[in-house]
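Below: the structure, in structure tokens.
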Amino acid sequence: MTTFFTNLLKTMKYPFQEIETKWQTFWEDKKVYKTDLTDLEKKIYCLVMFIYPSAAKMHIGHWYNYGPTDSWARFKKLRGYNVFEPIGYDAFGLPAENYAIKTGIHPKDSTLKNIEDIRVMVKHMGGMYDWDSELMTCVPEYYRWNQWLFLQLYKKGLAYRKNAPVNWCPSCQTVLAREQVLNDGSCERCGTTVVQKNLTQWFFKITDYAEELLDGLNKIDWPEKTKTMQLNWIGKSIGAEVDFSVSGTNDKIKIFTTRPDTLFGATYMVLAPEHPLIDKLTTSEFKQKVDEYKDSIKSMTEIDRTSTVKEKTGIFTGAYVINPVTNKNIPIWIADYVLMTYGTGAIMAVPGQDERDWEFAEKFNLPILRTVQPPDGFEGKAFTENGPAINSDFLNGLYVEDAKKKIIEWLEEKGIGKHTINYRLRDWLISRQRYWGTPIPIIHCNECGLVPVPEDQLPVELPYNVNFKPDGGSPLASNPEFVNTKCPKCGKEAKRDVDTMDTFVDSAWYYLRYLNPKYDKGMFDPELGKAWTPVDTYVGGAEHAVMHLLYARFIHKFLRDIGLVNSDEPFQKLIHQGTITNLGAKMSKSKGNVVDPNQFVNEYGSDVFRMYMMFMGPYELGGDWSDKGIVGVDRFVQRTYTLFNTHQNYCKKYPASVKYNLEELSEAEKTIYRKVNQTLDKVEVEVEHFRFNTAVAALMELINEFKSLDECRNDLKTYCLQRFAVMIAPLAPHLGEECWQLLGNKQSIYQTPVWFDVDKSALIEDRVNIAVQINGKLRATIEVANNSDKETTAKFVKSDERVIKYIQDKEIVKEIFVPNKIYNIVVK
RNA sequence: GCCGAAGUGGCGGAAUUGGUAGACGCGCUGGACUCAAAAUCCAGUGGGGCUCAAACCUCGUGCCGGUUCGAGUCCGGCCUUCGGUACCA
């Protein structure tokens, strides 16, 4: 070959556009990523949270979620697994509808258009998706099964309607589930402050599964943080319910407490301002003030009310209850720090052992009685820790746990209380007063009441023509053809439910539908559902920790209970990619800090962009966006391409051995051979654990080592290059395929997956550097044979000038030797 | 307030079980190539001291202590940032 030609190759830039198109077309034409779902040996279901197509573009977050996850899936594929990696669209939801209100473009039209655009971009990214399993939730073939699911839940009493105070977003013009209200009382979607309204709405009874949702957390491989969040959200507390009799009446007030052992210290009672008994028991003397207080609460927002920094307020009702253990009258107060939505809406106040009660008692001069002995020198106010009971008659001397047992026994014996478990978890409110979602399959009949739509009449199709102006009513009500129907039971005129379902219903089971999105005999093919769940690896944002991920677990357990799947959990291993911020803030249109990935994809190609995102830092940490450094990855790709271009057809011309004997290699060859195997070993471990940054770094190190590749015999070069191509293929799939082909391989690497075994004997070095320390300070490094013993090493150490300098005239106290690592001499 | 994660060069970040801090990359500096530039390649690059230079010394992983022959890593006490949560009885 002429020097001229070699130089030409060396200066030729990696033509990413041509090569990406070439391989994308090849993969698609040959259906390389079509998964055989009947092959269950070595199956892996790798799932990424599907796309919410609220805009026509893939943003940085999508790339960051999908690129690295796809690389992991590809890595598994090359290692011989039967990997199922699907993609789809979470296509219902508010943004499309809000967009329609603004522009007049119908949600269906804009959504389908967005999906088309996004599909092109996802393909451009070079994902290993099985396009035959692509799905979108906004088509009747999909949402029909949301309706079917609803009916199954309804049959079991797990879908029900109730009138309750619910969260209403004035901007989204719909109710929200509790999980969709952020901690500052704002709407998760639009940030508007949510208000409370009393409305009759549909709920899914997730609370029936509370205990199992807790138990299941022990069986899944999820980030501890996420499991803790679910644990806290479910909020199990063990305690007791106790009835207190109202003095001078037959009324009883039930309270819930986690500290029944402190019953003797209950010096007053507090009711939530909404408690139904208040009007009845308030004495006429206090009536006006109580009413005033209740009014003042009504005008407060939820945020103000539940603010912990706010000073406690409350008012006496004039009434008393009898403490069942002391038989003393204790006053009944009402205060907004007691919530009607938790427990019974009433508490016994034990200021001695509860900080909130102490604060309240101090402010309103209510009696405080300690019933748990604080340790000597305790200077705090309420004592909430463990200790022996005091001032508690028959409980005296018992520590908290024993005292609880004894008092509960006593209460149960007397029939005035019982052991109780309370959960913070509320039922899932699924009604939405919006258009772009799944219609609720219920008919309201004047004669028969609520009538479920018969299953054979599903789907209840979402009509195209509606008026989706936000006026607080459901847009579907504006379409008479939709609303007016016949009662399936009595045949008389009836009306359809005009609300739609929360879109979290769609996403609660989509991973099952992927297995065969065209299946028309049920929600999904139960055989496949049983074979392919739980999903092995699920990757998505941590913001779904208590919404989507909790709902999906609930629905999965329900589907198991009706026999459609046989696994207990939907997602075995969960990984959260970090968030990519820009200028320290989450990217959003309103902040104007959105970075468009296309500018980089167009300039460097998708392989470089993907790999750069992986190289930026630990996957689970995310970080602030910066394009500094993308050129480094680009250079690496260029060098890789040049390397393979200058070694074309090496596989054919100089076939490599499977393994080389180190003894027979020259020093230069040995070094490279070792480095190749060490890198292979490293890349395997790093990619397996989603540590892509260090995997890319290892490959960069290896290509640096290849500077001396020319000192190797040709078949050994092949050995090195083959392995390099295979290792880079998951991280830069188009480049990987190209390199593999340049080496002279006929088959696409993903068509016929290849991975090489590590030659373990090559991981060990002949000679190693030992750090020599004097009193723990590094004074020298010496090179010795691998696995040298202490005596041999000591000889080298003690004859080294740098060491002698420090140990002469000194007394050697101790010598610590760690083979192949350290030799530390302690002198006095 | 409570729970969790993080804090390492100019920057992004590496560092099995405590064992040579700063891998890899960016940037920067110098050099080669070029009429010149870009690109590419080569060399250097934590701070300070000493030196023509090297060798060498010294300080260094948010702060203060501790354990240890040895601490980025373990323990105690703080500070900052970012997530989660918010009177749940």
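Each chain gets a letter, A, B and so on, in the order the sequences are listed, and its residues count up from 1.
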Open item on the list: Can you identify which nucleotide, out of B:rG12, B:rU58, B:rC69, has its nearest atom closest to the A:Lys814 side chain?
Closed with: B:rC69

- [ ] Return the nearest nucleotide to the side chain of A:Ala771; candidates are B:rU20, B:rG12, B:rA89.
- [x] B:rU20

Task: Closest nucleotide among B:rA89, B:rC69, B:rA14 to the A:Phe256 side chain - done: B:rA89

Open item on the list: So, does A:Asn820 get its side chain near the phosphate of B:rG19, meaning an N or O under 4.0 Å from OP1 or OP2?
Closed with: no

Open item on the list: Taking any heavy-atom pair under 4.0 Å as a contact, classify A:Lys805: base, sugar-phosphate, or nothing.
Closed with: sugar-phosphate

Open item on the list: Under 4.0 Å, counting only non-hydrogen atoms across every strand here, what does A:Lys586 touch: a base, just sugar-phosphate, or nothing?
Closed with: nothing

Task: Cationic N near anionic O, under 4.0 Å, A:Glu362 to A:Lys381 - done: yes

Open item on the list: Just to be sure I understand the rule, does A:Arg426 reach a base, reach only the sugar-phosphate, or reach nothing, if contact means heavy atoms closer than 4.0 Å?
Closed with: nothing

TODO: Kindly indicate whether the side chain of A:Lys225 and the base of B:rC3 share any N or O donor-acceptor pair separated by less than 3.5 Å?
DONE: no

Open item on the list: Check for me whether A:Lys312 meets the cation-pi criterion with A:Phe360, that is, NZ or CZ under 6.0 Å from the six-membered ring centre and within 45 degrees of the ring axis.
Closed with: no

- [ ] Return no unless some side-chain N or O of A:Arg424 is found under 4.0 Å from OP1 or OP2 of B:rA86.
- [x] yes

Task: From CA spacing to verdict: side chain to side chain donor-acceptor pair (under 3.5 Å), A:Glu705, A:Thr671 - done: CA-CA 9 Å; A:Glu705 198 73 37; A:Thr671 308; 5.6 Å; no

Task: Given RNA chain B, 5'-ward residue of the pair A:Lys236 and A:Val631, judged by closest heavy atom - done: A:Val631

- [ ] Mind checking A:Thr781 for me? I need base, sugar-phosphate or nothing, with any heavy atom below 4.0 Å counting as a touch.
- [x] base

Open item on the list: Taking the minimum atom-to-atom distance to the side chain of A:Ile816, which one of B:rC57, B:rG19, B:rG27 wins?
Closed with: B:rG19

Open item on the list: Mind checking if A:Arg691 touches a base, just sugar-phosphate, or nothing, with heavy atoms under 4.0 Å?
Closed with: nothing

TODO: Considering just the side-chain nitrogens and oxygens of A:Arg779, establish if one lies under 4.0 Å of OP1 or OP2 belonging to B:rU58.
DONE: yes

Open item on the list: Of the options B:rA89, B:rC24, B:rG25, whose atoms approach the side-chain atoms of A:Val338 most closely?
Closed with: B:rA89

TODO: Could you tell me which nucleotide pairs with B:rA5 by Watson-Crick or G-U wobble geometry, both distances under 3.5 Å, or answer none if nothing does?
DONE: B:rU81

TODO: For B:rC26 and B:rU34, measure between their P atoms and round to the nearest Å.
DONE: 25 Å

- [ ] With heavy atoms under 4.0 Å as the rule, sort A:Asn704 into base, sugar-phosphate or nothing.
- [x] sugar-phosphate

Open item on the list: Does A:Lys628 have more than 12 heavy atoms from other residues, nucleotides or ligands lying within 6.0 Å of its NZ?
Closed with: no

Open item on the list: Considering every strand and a 4.0 Å limit on heavy-atom distances, what is the contact class for A:Thr581: base, sugar-phosphate, or nothing?
Closed with: nothing

Open item on the list: Could you tell me the Watson-Crick or G-U partner of B:rU40, where both distances fall under 3.5 Å? Say none if there is no partner.
Closed with: B:rA32

Task: Where A:Gln353 and A:Val372 come nearest, the two heavy atoms and their spacing - done: OE1-N, 3.2 Å

Open item on the list: Taking the minimum atom-to-atom distance to the side chain of A:Val826, which one of B:rC69, B:rA86, B:rC3 wins?
Closed with: B:rC69

- [ ] Determine the interatomic distance between C1' on B:rG25 and the same-named atom on B:rG62; round to the nearest Å.
- [x] 25 Å

Task: Nucleotide forming a Watson-Crick or wobble pair with B:rC56, both distances under 3.5 Å - done: B:rG49

- [ ] For nucleotides B:rG10 and B:rG84, find the distance between their P atoms and express it as a whole number of Å.
- [x] 32 Å

- [ ] Output the single nucleotide from B:rG27, B:rU17, B:rA21 whose closest atom is nearest the side chain of A:Arg635.
- [x] B:rG27

Open item on the list: Nearest to the A:Thr694 side chain among B:rG70, B:rA14, B:rA21, which nucleotide is it?
Closed with: B:rA14

Task: Note: A:Glu701-A:Lys682 ion pair, threshold 4.0 Å (strictly below) - done: no

Task: Side-chain N or O of A:Lys777 closer than 4.0 Å to phosphate OP1/OP2 of B:rC59 - done: yes

TODO: Can you check whether any acceptor in the base of B:rG4 is under 3.5 Å from a donor in the side chain of A:Glu224, or vice versa?
DONE: no

TODO: Please step through ring-ring contact (aromatic ring centres under 6.0 Å, His included) for the pair A:Phe706 and A:Phe724, ending with a clear verdict.
DONE: CA-CA 10 Å; A:Phe706 282 173; A:Phe724 189 91; 5.8 Å; yes

TODO: Classify the nucleic acid contact of A:Glu701 as base, sugar-phosphate or nothing, counting any heavy atom under 4.0 Å across all strands shown.
DONE: sugar-phosphate

Open item on the list: Using side-chain contact (heavy atoms from CB on, under 4.5 Å), reason through A:Lys760 and A:Asp681 one step at a time and then give a plain yes or no.
Closed with: CA-CA 9 Å; A:Lys760 298 272 184 201; A:Asp681 192 56; 3.9 Å; yes

Open item on the list: Pairing check on B:rU20: which nucleotide meets the Watson-Crick or G-U wobble criteria with it, both distances under 3.5 Å?
Closed with: none

Open item on the list: Once you apply a heavy-atom cut-off of 4.0 Å, does A:Tyr806 come out as touching a base, just sugar-phosphate, or nothing?
Closed with: sugar-phosphate

- [ ] Pull up the glycosidic torsion of B:rG44 and say syn or anti, syn being anything within 90° of 0.
- [x] anti

TODO: Would you mind telling me which of B:rU20, B:rU85, B:rG25 lies closest to the side-chain atoms of A:Ile822?
DONE: B:rU20

- [ ] State which of B:rU17, B:rA15, B:rC24 makes the closest approach to the side chain of A:Phe615.
- [x] B:rC24

Open item on the list: By the 4.0 Å heavy-atom rule, please label A:Asn232 as base, sugar-phosphate, or nothing.
Closed with: nothing

Task: Which residue lies more 5' along RNA chain B, comparing A:Leu621 with A:Ile630 via nearest heavy atoms - done: A:Leu621

